[in-house]
Novice: 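Below is the structure I would like to discuss, written out as structure tokens.
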Amino acid sequence: MRPVPRRWGFQEFKDGRERMKPIEVGLLGIGTVGGGVWTVLARNAGEIARRAGREIRIAAVADKDLDKARAIAGGSARVTGDAYDVVRDPGIDIVVELIGGTTVAKDLMLAAIAQGKHVVSANKALLATHGNEIFAAAQEKGVMVAFEAAVAGGIPIIKALREGLTANRIEWIAGIINGTSNFILSEMRDKGLAFETVLAEAQRLGYAEADPGFDIEGIDAAHKLTIMSAIAFGVPMQFEKAYTEGISRLAQLDIRYAEQLGYRIKLLGITRRTPEGIELRVHPTLIPARRLIANVEGVMNAVLVKGDAVGATLYYGAGAGAEPTASAVVADLVDVTRLHTADPEHRVPHLAFQPERLADTRILPMEEVVTAYYLRMRVLDRPGVLADITRVLADRSISIEAMLQKEPGEGEDQVDLIMLTHQAREKQVDGAIARIESLPVVKGRVTRIRLEPLG
Ligand code: HSE
């Protein structure tokens, strides 16, 4: 009897039966997340193979720290200091890019795609800034670029937005998507610790980016928000149009006053569809303390998505750390493994919408955004001051929702005045703040923090 020709991707075993041969993975970077991927794949190998339909095997590891790479993977995988050695290895089916950054990682990713390899990446900065080019290259080559781990660590938010909510017209997304900032805000509020002390702890725990400025200035959150916005609204990645403001200038005082008014301050990424365009903004935000998302503490992330059919849905989990992020990387490996042999047109599009159907909806500049505000100012404690300030707001149709005036300290003639406004256009509020700061009864600058009821 003539032997049956072996099908593509199948291997004949000693018992004469054909099984899918393992999928071969090349791991670029075996640091915190890469180490987690190695551990999770090894620990759950059996379960993962049962789900994927074949074994997923890390065949090669590239890291500039060869000793560390050998200590983890030596004996089980080929270890090299040259990432291109892995990218060009014809035996590798999927390249996992965990190097980070937007230069070397970009070249490696494009080289892997050019070699016809699928790519899994946690690199939010790279995808938010060069994603359009990378997806176009992948489309051209008929390969997948999977990036669940790029947004909110272990929370499967990309899967939820791209597939689970596909029936919906997404209205808005609001997320706590930077664990380091959330950790800092939680510790400052709970323990009254100083900003720098908490940041150092976040770095020690491995949550912070290589450049922690990315975390505390809202850049990391804006990268993640850009990715979610593109998938939610079917628009290209437009990180350069995101409004970004971090937590580095946030005062303890405002955290306390917000608390007294029934609010928590969180670094929120918000993207919303409006008739004028798409909002894309990251900034410290007051949220009513009774909202679930206001109670997300420490390094945890949460993303609130409002769809027209489903209503509001909330996704919560660890946004950083070795194994939570590895959970998302390995999920992508399973997805890519399952779809490896599918026709490219039968796969889920990278940005959820068919690439030729992406829209060119404009991204709103911050001055056009409409939201509510917390305004804090230091004023002279004398008659008529409040009337002067409310007149400035009324002249610009800015309505006050709540107000808090603190008693003056012993022997002081100045007080803190805090106002919460109803929704107003940012440009109007900019004008009002400039005018208020010019009043002789107002001392120093006005602190402005945006407020979202998230109802
Ligand atoms: N530095 C990021 C954070 C890590 O703190 O959320 C996960 O992207």
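Atoms within a ligand are numbered from 1 in the order they appear, just like the ligands themselves. Quick caveat: nothing in here was measured; it's all calculated off a predicted structure.
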Novice: For G319, counting its heavy atoms only, list the atoms of ligand 1 lying under 4.0 Å from any of them.
Specialist: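 The list of qualifying atoms is 7 (C).
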Novice: Check ligand 1 against D215 and write out every atom of the ligand that is under 4.0 Å from a heavy-atom position of the residue.
Specialist: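 Listed by number with element: 1 (N), 2 (C), 3 (C), 5 (O).
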Novice: Does NZ or CZ of R204 lie under 6.0 Å from the centre of the six-membered ring of F183, at an angle within 45° of the ring axis?
Specialist: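 Not flagged: R204 not positioned over aromatic ring of F183.
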Novice: Provide the number and element of each atom of ligand 1 under 4.0 Å from a heavy atom of Y207.
Specialist: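 Result: 1 (N), 2 (C), 3 (C), 4 (C), 5 (O).
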Novice: Take atom CG of L292 as the centre, draw a 6.0 Å sphere, and report whether it contains more than 12 heavy atoms from other residues, nucleotides or ligands.
Specialist: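 For L292, atom CG is not crowded (no more than 12 foreign heavy atoms under 6.0 Å).
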Novice: Tell me, which protein residue and heavy-atom name are nearest atom 1 (N) of ligand 1, and how many Å apart are they?
Specialist: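 That would be E209 OE2, 2.5 Å.
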Novice: So, Y373 and E426: side-chain donor and acceptor under 3.5 Å apart, yes or no?
Specialist: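 E426 and Y373 do have a side-chain donor-acceptor pair below 3.5 Å.
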Novice: Would you mind running through ligand 1 and noting each atom that sits below 4.0 Å from a heavy atom of K124?
Specialist: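 Going through ligand 1 atom by atom, the ones under 4.0 Å from K124 are 4 (C), 7 (C), 8 (O).
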Novice: Would you check whether G179 has a nitrogen or oxygen atom less than 3.5 angstrom from a nitrogen or oxygen atom of ligand 1?
Specialist: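 By distance alone, the answer is yes.
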Novice: Any donor-acceptor pair under 3.5 Å linking the side chain of D343 with the backbone of E345?
Specialist: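 Not a single qualifying donor-acceptor pair exists.
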Novice: Taking 4.0 angstrom as the limit and counting only heavy atoms of K224, give me the atoms of ligand 1 inside it, by number and element.
Specialist: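 This gives 2 (C), 3 (C), 6 (O), 7 (C), 8 (O) as the contact atoms.
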Novice: Measure N178 to ligand 1 on non-hydrogen atoms and call it side chain, backbone, both or neither using the 4.0 Å cut-off.
Specialist: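 Answer for N178: both.
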Novice: Name the closest protein heavy atom to atom 5 (O) of ligand 1, giving the residue it belongs to and the distance to 0.1 Å.
Specialist: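 I find the closest protein heavy atom is T180 OG1, 2.6 Å.
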Novice: Between K266 and E297, does any side-chain N to carboxylate O distance fall below 4.0 Å?
Specialist: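 Salt bridge: yes.
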Novice: Does N301 reach ligand 1 with a nitrogen or oxygen that is under 3.5 Å from one of the ligand's nitrogen or oxygen atoms?
Specialist: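 No; the residue has no nitrogen or oxygen that sits under 3.5 Å from a nitrogen or oxygen of the ligand.
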Novice: Which bit of T325 gets closer than 4.0 Å to ligand 1, counting heavy atoms only: side chain, backbone, both or neither?
Specialist: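 Under 4.0 Å from ligand 1, T325 contributes no heavy atoms.
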Novice: Starting from the C-alpha separation in whole Å, work towards a yes-or-no answer on salt bridge (charged side-chain N to carboxylate O under 4.0 Å, His left out) for E279 and K241.
Specialist: CA-CA 10 Å; E279 296 178 4; K241 295 185 187 155; over 6 Å; no
Novice: Any side-chain donor paired with an acceptor under 3.5 Å for E217 and S248?
Specialist: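 There is such a pair between these side chains.
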Novice: Within ligand 1, which atoms have a heavy atom of A320 less than 4.0 Å away?
Specialist: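 Counting atoms of ligand 1 from 1, those under 4.0 Å from A320 are 4 (C), 7 (C).
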Novice: Is there a side-chain contact between T313 and L165 in this structure, where contact means two heavy atoms from C-beta onward sitting under 4.5 Å apart?
Specialist: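 Heavy-atom side-chain distance check passes, below 4.5 Å.
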